[in-house]
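See below for the structure under consideration.
Keep in mind the model is a prediction, meaning the values are calculated, not measured. The sequence lines fix the lettering, A, B, ..., with proteins before strands; numbering per chain opens at 1.
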2 protein chains.
Amino acid sequence: MTDAASLKLKIQIMRGDEIAMGPGKADLLDAIEQTGSISAAGRALGMSYRRCWMLVEVMNRCWSAPLVETSAGGTKGGGAKVTDMGQNVLGHYRALQDHMTSASQGPDWQALNTLLLAETDTH
Amino acid sequence: MTDAASLKLKIQIMRGDEIAMGPGKADLLDAIEQTGSISAAGRALGMSYRRCWMLVEVMNRCWSAPLVETSAGGTKGGGAKVTDMGQNVLGHYRALQDHMTSASQGPDWQALNTLLLAETDTH
């Protein structure tokens with residue numbers, strides 16, 4: 001374990017009390033895009049199928065069109081794909097994350113970094 | 001309940017795996033500053049004394065000097081005050097929050113806002 005200083009940033013897009021987009025949902029969209037199914041995405045992320053479905057349901061009802069489309073499948077269950085709306089939302093969310101990460105690297109973060117107990121120090 | 005869109009931002013200053021400063025700890029510092037004691041601060045925030053103490057302990061060991069000083073007291077228990085280091089860290093953290101909130105109000109947030117299901121819509 002290291003004692004290195006870092007800044008963690010969490011951005012949530014809220015619709016009322018519901019989290020329409022956040023770090024977990026964005027990662028899930030990426031995984032669905034890569035694997036083509038909700039169950040495979042869940043396995044890749046170490047998340048239960050039930051939990052993945054819940055996140056997809058919240059996303060699909062918060063935006064003006066669904067972000068994920070599922071198709072009934074054969075013996076292996078159906079596939080899932082990220083819609084154009086999903087790509088659009090995900091793109092803007094990732095761009096916002098990048099922009100905010102850059103914006104955080106200013107003088108206040110530098111000052112805080114200096115004030116943290118250095119790795120080799122002990123009180 | 002409203003379905004209005006909003007952006008939630010959480011900034012955590014990490015020292016290794018420990019959260020040296022975050023929204024909850026910043027609010028606790030404010031409350032200690034206002035009330036002059038950890039127990040009164042806990043009551044004001046609806047947090048247990050034990051939880052407040054844990055947060056203070058983490059803060060005090062993560063920075064190069066303690067952020068909160070406690071003094072043994074009389075019948076009513078001791079007081080607590082935010083140190084100069086505490087004021088310094090809190091000031092930079094609040095400035096970082098303000099800066100990041102401004103930085104979030106750009107074109108990506110505007111685009112996401114437009115893509116969210118409008119309040120009056122239903123799928």
Side-chain angles (χ1 to χ4, degrees), chain A residues 1-23 59-67 84-86 88-119 121-123, chain B residues 1-23 59-67 84-86 88-119 121-123:
Chain A
M1 204 190 80
T2 169
D3 293 331
S6 62
L7 188 148
K8 258 197 202 170
L9 200 59
K10 185 178 181 177
I11 302 168
Q12 293 176 323
I13 309 296
M14 308 297 296
R15 182 173 183 272
D17 291 339
E18 288 201 301
I19 306 166
M21 188 52 57
M59 284 191 274
N60 278 359
R61 72 167 168 258
C62 280
W63 299 88
S64 53
L67 306 197
D84 288 348
M85 172 64 86
N88 199 359
V89 167
L90 185 59
H92 284 297
Y93 181 77
R94 292 301 190 200
L96 187 58
Q97 280 184 316
D98 289 348
H99 171 65
M100 299 290 281
T101 300
S102 301
S104 72
Q105 306 299 308
D108 288 305
W109 162 242
Q110 296 305 328
L112 289 167
N113 208 334
T114 309
L115 295 172
L116 278 171
L117 188 67
E119 289 194 53
D121 290 358
T122 47
H123 270 307
Chain B
M1 203 192 83
T2 168
D3 294 330
S6 62
L7 189 148
K8 257 197 200 168
L9 201 58
K10 185 177 182 179
I11 302 167
Q12 293 177 323
I13 309 297
M14 309 296 296
R15 181 174 184 272
D17 291 338
E18 287 202 300
I19 305 167
M21 187 53 56
M59 284 192 273
N60 278 359
R61 72 167 168 256
C62 280
W63 300 88
S64 53
L67 306 197
D84 288 347
M85 174 63 85
N88 199 359
V89 168
L90 186 59
H92 284 298
Y93 181 76
R94 292 300 191 200
L96 187 58
Q97 281 184 316
D98 289 347
H99 171 64
M100 299 290 281
T101 300
S102 302
S104 72
Q105 305 301 307
D108 288 305
W109 162 241
Q110 296 305 328
L112 289 168
N113 208 334
T114 309
L115 295 173
L116 277 171
L117 187 68
E119 289 194 52
D121 291 356
T122 48
H123 271 308

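A pairwise comparison of heavy atoms in B:L112 and A:W63 identifies O-CZ3, 3.3 Å as the closest pair. Nearest heavy atoms, A:A95 versus B:D108: CB-OD2, 3.4 Å.
Contacts between B:A5 and chain A at a heavy-atom distance below 4.5 Å involve backbone atoms as well as side-chain atoms. B:M85 touches chain A through its side chain: at least one heavy atom from C-beta onward sits under 4.5 Å away, while N, CA, C and O do not.
With hydrogens and angles ignored, the 3.5 Å screen pairs no side-chain donor or acceptor of A:R15 with any backbone N or O of B:L116.
Of the residues considered (B:S104, B:A103, B:A4, B:S6), B:S6 shows the highest number of contacts with chain A, using heavy-atom pairs under 4.5 Å. With respect to chain A, the highest number of heavy-atom pairs below 4.5 Å among B:M21, B:E18, B:M14, B:H99 belongs to B:M14.
Residue A:L9 is tested with B:Q12, B:M100, B:K10 for a side-chain contact (heavy atoms from CB on, under 4.5 Å); the sole match is B:M100.
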